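Throughout, a chain's letter reflects where its sequence line sits, starting with A, and its residues are numbered from 1. Keep in mind that this is a model prediction, so the values were computed, not measured.
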There are 2 protein chains.
Amino acid sequence: MASIFKEIGTKDKEKLLKELEAIKMFFNKNSSLLERISKSNLIGILKFGSVQIIRTDYNGNVIIISDLREGDIFSTKFSLLDNAEYDIIAKEDSEIIFIDYDYILNINQKKSIYYQKFLINFINIMGEMIYYQNKRINVLTRKTTREKLLEYFYNESRKRYSKTFKLDFNLTELAEYLSIDRAAMMREIKHLKEDKIIEISNGKLTMLN
Amino acid sequence: MASIFKEIGTKDKEKLLKELEAIKMFFNKNSSLLERISKSNLIGILKFGSVQIIRTDYNGNVIIISDLREGDIFSTKFSLLDNAEYDIIAKEDSEIIFIDYDYILNINQKKSIYYQKFLINFINIMGEMIYYQNKRINVLTRKTTREKLLEYFYNESRKRYSKTFKLDFNLTELAEYLSIDRAAMMREIKHLKEDKIIEISNGKLTMLN
DNA sequence: CTGTTAGTGTTGCATTTGCAACTTTTTTGA
DNA sequence: TCAAAAAAGTTGCAAATGCAACACTAACAG
């Protein structure tokens with residue numbers, strides 16, 4: 001997996017963070033990030049914890065747009081935070097480093113090796129983001145609940161090189177991630193169990209056959 | 001809109017393309033790109049024409065994953081082309097410049113100004129790609145056909161600063177883009193007309209009120 | 001230890017959706 | 001210019017989905 005500081009030594013990393021005027025912030029579990037940061041143009045690097053970008057519809061429906069873990073990166077510019085339905089929530093106690101996006105592209109030390117590396121790391125991470133968004137679109141464009149579930153499970157299984165794995169989400173969140181009704185999803189999961197396609201118990205899923 | 005050669009002069013651009021071993025290719029309308037390019041690791045820059053990345057399900061259902069126009073960029077690495085359901089189709093006669101992704105990050109002239117600019121342009125374009133994918137996810141995660149249509153129309157209207165605009169897609173393609181049944185979409189469009197929320201005739205849409 | 005909250009699991013029912021099968025209209029290219 | 005293909009438009013119907021409203025269990029905080 002790509003990392004934003006890959007192949008950059010500790011000293012260079014410190015220098016870089018200083019030049020970029022990086023700010024480290026701590027967020028308590030279940031708090032909203034948007035109350036404390038500007039929405040305009042920041043890159044967030046998740047040091048530890050977990051964070052979700054969510055959308056809450058006018059009818060109270062919650063959709064998980066992004067689910068971020070340690071090392072993941074998000075952008076306030078490229079996410080749709082101007083949309084009032086959107087929010088960013090720390091799901092656990094989390095520490096995040098914020099960098100102004102414009103500073104990344106307008107640093108003084110453009111010729112330094114560590115800046116070159118940083119830019120390339122940044123590009124690789126953006127590439128990964130695009131890839132995972134495509135995966136997500138690939139799931140969301142499936143027509144039926146069953147297909148969405150199977151596509152998601154199949155992806156997770158491949159990602160972990162195992163037919164049995166722990167789900168990243170609880171079942172309520174899974175429905176929010178797949179943008180389907182939770183009750184309908186539970187019904188379909190029951191069918192998948194009955195058809196002996198999956199087994200699932202306390203957060204652990206097994207794909208049969 | 002970001003451009004990959006922004007602020008790079010003609011001569012530097014030529015030098016750059018040579019160093020990157022860029023290859024220019026022409027594709028006839030309705031031909032598949034995958035028959036002629038490697039799937040592994042290319043960046044495609046659409047000089048002119050239009051191109052779609054599509055997925056065809058086992059049941060023959062077509063979904064438009066990306067719709068690309070002049071100046072747009074796509075990647076064979078970050079798209080899901082290892083998935084046999086995927087294909088890239090030239091919708092019109094198109095010319096595309098291909099660059100190997102790895103060359104972009106491993107060029108000799110790393111310290112040249114035009115390479116700096118190129119990298120920054122590349123980052124800005126990737127940012128745009130992420131933004132538009134988020135827009136797409138924002139539409140696809142709407143639960144009903146009506147909400148998907150309205151969210152899409154609303155976005156287009158804002159993008160063009162006008163309540164009346166020409167649709168990028170014909171109606172068959174629009175259903176493929178929104179991943180909904182065409183007949184169900186037609187039904188819902190009829191309702192939207194009856195409810196005096198939109199007007200639509202030969203590819204031109206108006207949002208009322 | 002225990003009351004409260006969050007998450008799981010289930011069901012009935014109305015609504016929406018997808019599918020199949022058409023007709024009509026428009027576009028295209030030989 | 002006209003036949004064929006593509007796109008638009010429509011409908012009935014079965015199936016899938018969302019919604020509301022539950023009961024039950026697990027997790028958590030005071």
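Using modelled atom types, no side-chain atom of B:Asn28 and backbone atom of B:Ser31 make a donor-acceptor pair closer than 3.5 Å.
What separates CG of A:Asn202 from C1' of C:dG9 is a distance of 15 Å, to the nearest Å. In this structure, B:Asn170 atom CG and C:dT25 atom C1' are separated by 14 Å, rounded to whole Å. As a whole-Å value, the separation of B:Glu92 CD from C:dG29 P is 12 Å. Summarising the geometry, the separation between NE2 on B:His191 and P on D:dG9 is reported as 14 Å, rounded to the nearest angstrom. Rounding to whole angstrom units, NZ of residue B:Lys143 and P of C:dT17 are separated by 12 Å. Atom CE in B:Met186 sits roughly 16 Å away from atom P in C:dT24 (whole-Å rounding). Nucleotide C:dA6 holds its P atom 14 Å from the CD1 atom of A:Ile89, rounded to whole Å. As a whole-Å value, the separation of A:Asp181 CG from C:dT8 C1' is 14 Å.
Using a 4.5 Å cut-off on side-chain heavy atoms (C-beta onward), A:Phe153 and A:Leu167 make contact. Within the 4.5 Å cutoff, the side chain of A:Phe165 has no heavy atoms near those of the A:Lys159 side chain.
Side-chain proximity of A:Ala183 to the nucleotides D:dG18, D:dA20, C:dT17 is greatest for D:dA20. Proximity note for B:Leu171 (side chain, C-beta onward) versus D:dT11, D:dT17, D:dA8: the nearest is D:dA8.
Between A:Asn61 and the phosphate of D:dC19, there is a side-chain N or O to OP1/OP2 separation shorter than 4.0 Å. An OP1 or OP2 oxygen of C:dT8 is reached within less than 4.0 angstrom by a side-chain nitrogen or oxygen of A:Thr172. Contact between the side-chain N/O atoms of A:Lys29 and the OP1/OP2 oxygens of D:dC28 is not found at any separation under 4.0 Å. Side-chain N/O atoms of B:Thr144 include none lying less than 4.0 angstrom from OP1 or OP2 on C:dT16. Under 4.0 angstrom from either OP1 or OP2 of D:dA8 there lies no side-chain N or O belonging to B:Lys190.
Both A:Met185 and B:Glu173 sit near DNA chain D, but only B:Glu173 has its closest nucleotide nearer the 5' end. Both B:Asn59 and A:Lys91 lie close to DNA chain C; mapped to their nearest nucleotides by heavy-atom distance, the more 5′-ward contact belongs to A:Lys91.
Counting only N and O atoms by type, the side chains of A:Asn124 and B:Tyr101 include a donor and acceptor under 3.5 Å apart. Between the side chains of A:Glu173 and A:Gln52, at least one donor N or O lies within less than 3.5 Å of an accepting N or O.
A donor-acceptor contact under 3.5 Å is not formed by the side chain of A:Arg182 with the base of C:dG7.
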